[in-house]
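Quick caveat: nothing in here was measured; it's all calculated off a predicted structure. Numbers here are sequence positions counted from 1. Below, each value reflects all heavy atoms present in this structure, side chains not excepted, and no hydrogens, waters or symmetry copies.
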Amino acid sequence: MKATLKYLAGIAGPSGYGSKTTAEQATRDFSNSQLTAIITGATSGIGAETARVLAKRGVRIVLPARDLKKAEIVKEFIQKETPMAQIILLEIDLSSCASIQRFCAEFLSLQLPLHILINNAGKFSQKLEFSEDKIEMTFATNYLGHFLLTELLLEKMVETAEGTGIQGRIVNVTSVVHNWVKREQFRFSQLLNPKKYYNGTRAYAQSKLANILHAKELSRQLKARNANVTINAVHPGIVKTGIIRDHKGFITDSLYFMASKLLKSTSQGAASTCYVALSPQTEGMSGKYFADCNESHSSVLANDEIEAHKLWKGTRVLIYRRFLPHMKI
């Protein structure tokens, strides 16, 4: 109850920010034209707002998109406000491992540094759908695609951090609904191919739990190798975006009407992502879970180191056996 009242009132936490903080407010003291960031899912919603604010702070933006026409509209919108903004558009379909490989090869061929990777794109599928790789669509897009993207770009981030002395930052955008997942529901083979009754909300929650576990395990590995790269998970809050409006199975029409007064604006929703990606206050912080621009608490399952390592190992075996057989694990 205390936490809820604090949220509703927008009371600032230890960082000096709270639930009412906007992305611009969370980054107002930051400016660095040396940085390059990749932001997935930036053609709408909090991803587009994240790109706008980072560009305004001088960051070069690489915007991967399935629909390049939508990406071009976002680019024009950002450059109208920030004419000097550097924005590069590249094609990607996060549900396709082949498309992710093509994107990474194209990006790496540009020989740009990479300081920030924001795994923001989100998919909510009401009906059971499968990707071209025959993996359940929500899990393929929200988790597996971002896992592969991070895997293929990680050495570039480590190399950039070593060469520039600027800490690399990876941000996995997750959700508080990860708390809904029960341990007995979280089985890797079932996540890839649900054999029983499919529930879109459950699939979404499972993918968001996986995003946190990914951050926890990769953070541990980066620390072990003394790499100057951090990875954290961020809950943006319940935001007025298409993922809420378009899926009645997620929040019904009646609940949406009642909850709309409590929902964050897009700029408020992007605040935590921008804060973790840019703020000096988050320098050196890794393997954490943030909400409302403050470190917060994720579920017991999300903090299970054994579960995190098991998921990471299973995912990596799948990727390198099925999609990257020419590369060593």
Minimum heavy-atom separation for Ser267 to Glu49, with atom names? OG-OE2, 3.1 Å
Can you find a side-chain donor-acceptor pair between Asn303 and Ser298 that sits under 3.5 Å? yes
Qualifying salt bridge (charged side-chain N to carboxylate O under 4.0 Å, His left out) pairs with a residue from residues 82-108, counting only residues at least two apart or across chains: none
Would you check, one step at a time, whether the test side chain to side chain contact (heavy atoms under 4.5 Å, CB included) holds for Leu54 with Leu35? CA-CA 10 Å; Leu54 262 62; Leu35 302 185; over 6 Å; no
Residue pairs meeting ring-ring contact (aromatic ring centres under 6.0 Å, His included), one or both in residues 152-178, sequence neighbours left out, come to His178-Tyr289
Could you tell me if the side chain of Leu63 sits less than 4.5 Å from the side chain of Ile88, heavy atoms only? no
For the residue pair Asn211 and Thr174, confirm or rule out a side-chain donor-acceptor distance under 3.5 Å. no
Does anything in residues 76-107 pair up under ring-ring contact (aromatic ring centres under 6.0 Å, His included), and if so which pairs, sequence neighbours excluded? none
Examine the side chains of Tyr204 and Ser125 and answer whether a donor and an acceptor come within less than 3.5 Å of each other. no
When you measure from the side chain of Gln185 to the backbone of Lys182, do you find a donor-acceptor pair of N or O atoms at a distance under 3.5 Å? yes
Would you list the pairs meeting ring-ring contact (aromatic ring centres under 6.0 Å, His included) in which at least one residue belongs to residues 208-238, sequence neighbours left out? Phe147-His214
Scan side-chain atoms only and decide if Asn294 and Ser15 contain a donor-acceptor pair under the 3.5 Å cut-off. yes
Are the side chains of Thr150 and Leu117 in touch, meaning some heavy atoms are under 4.5 Å apart? yes
Quick one: which residue pairs count as a salt bridge (charged side-chain N to carboxylate O under 4.0 Å, His left out) with a foot in residues 268-283, not counting sequence neighbours? Arg169-Glu283
Can you list every salt bridge (charged side-chain N to carboxylate O under 4.0 Å, His left out) pair that touches residues 127-149, not counting sequence neighbours? none
Tell me every residue that passes ring-ring contact (aromatic ring centres under 6.0 Å, His included) with His309, counting only those two or more places apart in sequence or in another chain. Trp312
For Thr315 and Leu311, work out which heavy atoms get closest and say how close. OG1-O, 2.7 Å
Spacing of Leu148 atom CG and Leu318 atom CG [to the nearest 0.5 Å]: 10.0 Å
Consider side-chain contact (heavy atoms from CB on, under 4.5 Å). Of Thr40, Asn142, Asn119, Leu144, which one does Leu94 pass it with? Thr40
Looking at Leu110, I'd like to know if its CG atom is crowded, meaning that more than 12 non-hydrogen atoms belonging to other residues, nucleotides or ligands lie closer than 6.0 Å. yes
Hey, is CD on Gln221 packed in by over 12 heavy atoms from elsewhere, all under 6.0 Å? yes
Can you check whether Thr160 reaches Val229 side chain to side chain, under 4.5 Å on heavy atoms? no
Close side-chain approach of Ile135 and Asn193, heavy atoms under 4.5 Å: no
Pairwise side-chain contact, Leu324 with Leu152, heavy-atom cut-off 4.5 Å (strictly under): yes
Rest of the hydrophobic cluster containing Tyr198 (Ile/Leu/Val/Met/Phe/Trp/Tyr, side-chain heavy atoms under 4.5 Å)? Leu128, Phe130
Gap separating the CD atom of Glu24 from the CZ atom of Arg57, nearest 0.5 angstrom: 5.5 Å
Going by ring-ring contact (aromatic ring centres under 6.0 Å, His included), name the residues that satisfy it together with His115, two or more places apart in sequence or in a different chain. none
With side chain to side chain contact (heavy atoms under 4.5 Å, CB included) as the criterion, how do Asn172 and Ile212 come out once you've worked through the C-alpha distance, each side chain's angles and the decisive distance to 0.1 Å? CA-CA 7 Å; Asn172 283 359; Ile212 301 176; over 6 Å; no
With rounding to the nearest 0.5 Å, note down the distance linking OH in Tyr143 to OG in Ser207. 11.0 Å
Regarding Ser219 and Ser286, do their side chains bring together a donor and an acceptor under 3.5 Å, going by distance alone? yes
The reported gap from OG in Ser96 to CZ in Arg66 (rounded to nearest 0.5 angstrom) is 11.0 Å
d(Asp304 CG, Leu213 CG) to nearest 0.5 Å is 7.5 Å
Kindly compute the distance separating CD1 (Ile78) from CD1 (Ile61), expressed to the nearest 0.5 Å. 6.5 Å
Which pairs pass salt bridge (charged side-chain N to carboxylate O under 4.0 Å, His left out) with one or both residues in residues 208-218, sequence neighbours excluded? Glu217-Arg220
Let's go through Ser19 and Asp292 carefully: what are the C-alpha distance in whole Å and the side-chain angles of both, what is the deciding distance for side-chain hydrogen bond (donor to acceptor under 3.5 Å, both in side chains) to 0.1 Å, and is it a yes or a no? CA-CA 5 Å; Ser19 62; Asp292 301 329; 5.0 Å; no
Considering residues at least two apart in sequence or located in another chain, which fulfil the salt bridge (Lys or Arg N to Asp or Glu O under 4.0 Å) criterion with Glu184? none
Using a 4.5 Å cut-off on heavy atoms from C-beta on, say whether the side chain of Glu76 contacts that of Glu72. yes
Ignoring hydrogens and geometry beyond distance, is a side-chain donor-acceptor pair present between Gln268 and Thr22 at under 3.5 Å? no
So, do Leu263 and Val239 sit near enough that their side-chain heavy atoms are less than 4.5 Å apart? no
For Thr282 and Gln167 the tightest heavy-atom approach is O-OE1, 4.5 Å
Connected via hydrophobic side-chain network under 4.5 Å: Val173 and Met137: no
Grab the two heavy atoms, one from Gly269 and one from Ile46, that are nearest each other, plus how far apart they are. C-CG2, 3.9 Å
Any side-chain donor near an acceptor of the partner, Arg60 and Thr36, under 3.5 Å: yes
Which heavy atom of Ala227 sits nearest a heavy atom of Val158, and at what distance? CB-CG2, 4.2 Å
If we only count heavy atoms from C-beta on, is the Ile118 to Val234 side-chain gap below 4.5 Å? no
Please say yes or no: joined through hydrophobic side-chain contacts below 4.5 Å, possibly via intermediate residues, are Val62 and Leu108 part of one cluster? yes
Go through the structure and list residues passing ring-ring contact (aromatic ring centres under 6.0 Å, His included) with Tyr275, not counting sequence neighbours. Tyr17
How about NZ on Lys223, more than 12 heavy atoms from neighbouring residues, nucleotides or ligands closer than 6.0 Å, or not? yes
Are Thr43 and Asp67 close enough that a side-chain donor and a side-chain acceptor fall under 3.5 Å? no
Residue pair Val171 / Val276: nearest heavy atoms and the distance that separates them: CG2-CG1, 4.0 Å
Ion pair Glu307/Lys310, N-O distance below 4.0 Å: yes
Can you get from Leu191 to Tyr197 by hopping between Ile, Leu, Val, Met, Phe, Trp and Tyr side chains that sit under 4.5 Å apart? no
Take atom CD of Glu81 as the centre, draw a 6.0 Å sphere, and report whether it contains more than 12 heavy atoms from other residues, nucleotides or ligands. yes
